[in-house]
Colleague: 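Mind looking over this structure? Questions follow.
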Amino acid sequence: MATLILHSNVCGICRAVLTGGGAEEQLASYSHHHVHFQTHRLERLNKEIEMELGQISSRNLGHDDRVIGDHGKEARFPFLNENIVSFLYFLPVWEKANLTLSHGIGEKRILHLQVRQFGSRIAKTEKNNEKPSDKCGRLQVISLENLSIENYIKT
């Protein structure tokens with residue numbers, strides 16, 4: 001599960017964590033999804049995805065929320081947003097994943113396509129002469145020596 005930290009306060013200390021919980025279940029990303037697809041095709045795979053989504057609150061969310069909460073953070077689950085779940089539920093499996101490809105390549109197809117679109121257009125919004133491989137001159141290099149919590153704590 002991918003995790004992204006967000007919502008920092010003024011001192012740079014994060015208060016919320018954006019997690020990828022629910023993405024694997026809805027986008028056929030587990031290895032057993034490949035097995036179900038190869039042995040029983042779409043019928044069994046659809047049932048498996050529906051069952052996993054129905055169990056996610058009892059199997060995953062409580063644990064994730066406790067672990068993140070124990071670190072003083074609030075968990076956010078964007079893939080479990082009602083609109084996202086509804087959209088993905090009615091989307092055919094072959095648009096979510098291409099399980100004819102090997103494991104690690106065909107999963108989360110819809111996300112990979114979105115990222116490719118996003119990545120291909122972002123450079124065009126900056127400078128016309130920039131290439132995706134160019135280093136961004138607008139980013140600062142920060143020395144590891146300066147990355148201590150003491151710099152953010154006022155005594």
Side-chain angles (χ1 to χ4, degrees), residues 1-10 12-140 142:
M1 170 178 54
T3 303
L4 176 69
I5 299 172
L6 76 150
H7 197 235
S8 297
N9 64 12
V10 193
I13 299 173
C14 175
R15 295 186 311 204
V17 177
L18 184 63
T19 73
E24 290 84 3
E25 291 82 359
Q26 296 180 82
L27 300 174
S29 299
Y30 290 126
S31 58
H32 66 267
H33 291 140
H34 275 273
V35 173
H36 289 305
F37 178 75
Q38 290 168 355
T39 56
H40 304 287
R41 298 319 241 182
L42 291 176
E43 180 183 338
R44 179 67 177 128
L45 178 60
N46 284 326
K47 289 179 182 176
E48 181 71 16
I49 289 172
E50 190 172 331
M51 180 194 69
E52 288 176 350
L53 192 56
Q55 295 175 342
I56 196 166
S57 62
S58 61
R59 296 182 75 194
N60 301 60
L61 295 183
H63 172 266
D64 294 350
D65 192 50
R66 284 189 302 276
V67 169
I68 293 168
D70 282 348
H71 292 279
K73 310 296 180 216
E74 296 177 25
R76 301 287 190 268
F77 301 93
F79 286 100
L80 297 175
N81 172 283
E82 186 177 335
N83 294 329
I84 301 292
V85 171
S86 180
F87 172 77
L88 291 175
Y89 181 80
F90 290 106
L91 194 67
V93 172
W94 62 86
E95 291 190 26
K96 296 184 226 183
N98 182 351
L99 298 181
T100 61
L101 300 174
S102 61
H103 183 66
I105 297 173
E107 302 86 3
K108 300 180 186 174
R109 180 175 182 258
I110 191 170
L111 290 181
H112 293 211
L113 292 172
Q114 272 307 117
V115 169
R116 188 176 316 144
Q117 280 186 346
F118 174 77
S120 66
R121 286 187 271 155
I122 192 70
K124 293 177 185 175
T125 65
E126 296 288 330
K127 291 182 181 176
N128 289 335
N129 60 351
E130 277 186 339
K131 297 177 186 152
S133 60
D134 292 345
K135 288 186 179 180
C136 179
R138 295 170 303 284
L139 297 177
Q140 295 178 351
I142 300 174

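Just so it is clear, the structure is predicted and the values come from calculations on it, not from any experiment.
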Colleague: Search all heavy atoms of Glu74 against all heavy atoms of Ile68 and return the closest pair with its distance.
Modeller: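 Nearest heavy atoms, Glu74 then Ile68: C-CG2, 4.0 Å.
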Colleague: Parallel, tilted or perpendicular: which describes the rings of His36 and His32, with under 30° parallel and over 60° perpendicular?
Modeller: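 The rings of His36 and His32 stand perpendicular, inter-plane angle above 60°.
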Colleague: Is the shortest heavy-atom distance from the side chain of Tyr30 to the side chain of Glu48 under 4.5 Å?
Modeller: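 No, side chains not in contact.
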Colleague: If you take all heavy atoms of Ile49 and His33, which pair is closest and at what distance?
Modeller: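 Looks like CG1-NE2, 4.1 Å.
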Colleague: Set out, in order, the CA-CA distance, both residues' side-chain angles and the distance that settles side-chain contact (heavy atoms from CB on, under 4.5 Å) for Leu53 and Leu80, then state yes or no.
Modeller: CA-CA 9 Å; Leu53 192 56; Leu80 297 175; 4.2 Å; yes
Colleague: CG of Leu91 to CD1 of Ile110: how many Å apart, nearest 0.5 Å?
Modeller: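 It comes to 5.0 Å.
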Colleague: Would you name the heavy atoms of Leu42 and Trp94 that are closest together and state the gap between them?
Modeller: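 The pair with the smallest heavy-atom distance is CD1-CE3, 3.9 Å.
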Colleague: So how far is it from Leu18 CG to Lys73 NZ, rounded to the nearest 0.5 Å?
Modeller: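 So the CG of Leu18 and the NZ of Lys73 are separated by 14.5 Å.
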Colleague: Run the side-chain contact (heavy atoms from CB on, under 4.5 Å) check on Asn46 and Glu50 step by step: do they pass?
Modeller: CA-CA 6 Å; Asn46 284 326; Glu50 190 172 331; over 6 Å; no
Colleague: For the residue pair Ile84 and Pro78, what are the closest heavy atoms and their distance?
Modeller: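 Heavy-atom minimum between the residues: CG1-O, 3.7 Å.
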Colleague: Is there a side-chain contact between Val67 and Asp70, using heavy atoms and a 4.5 Å cut-off?
Modeller: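 No, side chains not in contact.
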Colleague: Are a donor atom and an acceptor atom from the side chains of Gln26 and Tyr89 found within less than 3.5 Å of each other?
Modeller: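 Distance-only check fails for Gln26 and Tyr89.
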Colleague: Return the minimal non-hydrogen interatomic distance between Ser29 and Ala23, and the atom names on each side.
Modeller: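 Where Ser29 meets Ala23 most closely, the heavy atoms are OG-O, 4.2 Å.
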Colleague: Classify the side-chain pair His112/Glu107 by whether it contains a donor and acceptor separated by less than 3.5 Å.
Modeller: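 The criterion, which ignores hydrogens and geometry beyond distance, is not satisfied for Glu107 and His112.
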Colleague: Quick check against the 3.5 Å criterion: does Thr39 have a side-chain atom that pairs as donor or acceptor with the backbone of Val35?
Modeller: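 A pair under 3.5 Å: yes.
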Colleague: I'd like to check Asn60 versus Phe77 (side-chain heavy atoms, cut-off strictly below 4.5 Å). Are they in contact?
Modeller: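 Side-chain contact under 4.5 Å: no.
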Colleague: Do Ile56 and Phe79 come close enough that some side-chain heavy atom pair is under 4.5 Å?
Modeller: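 Not touching, per the 4.5 Å side-chain cut-off.
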Colleague: How long is the straight-line distance from NZ of Lys96 back to CG of Leu113, given to the nearest 0.5 Å?
Modeller: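 So the gap between those two atoms works out to 14.5 Å.
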Colleague: What are the two closest heavy atoms between Asp65 and Ala75, and how far apart are they?
Modeller: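 Looking at all heavy atoms of both residues, the closest pair is OD1-CB, 3.7 Å.
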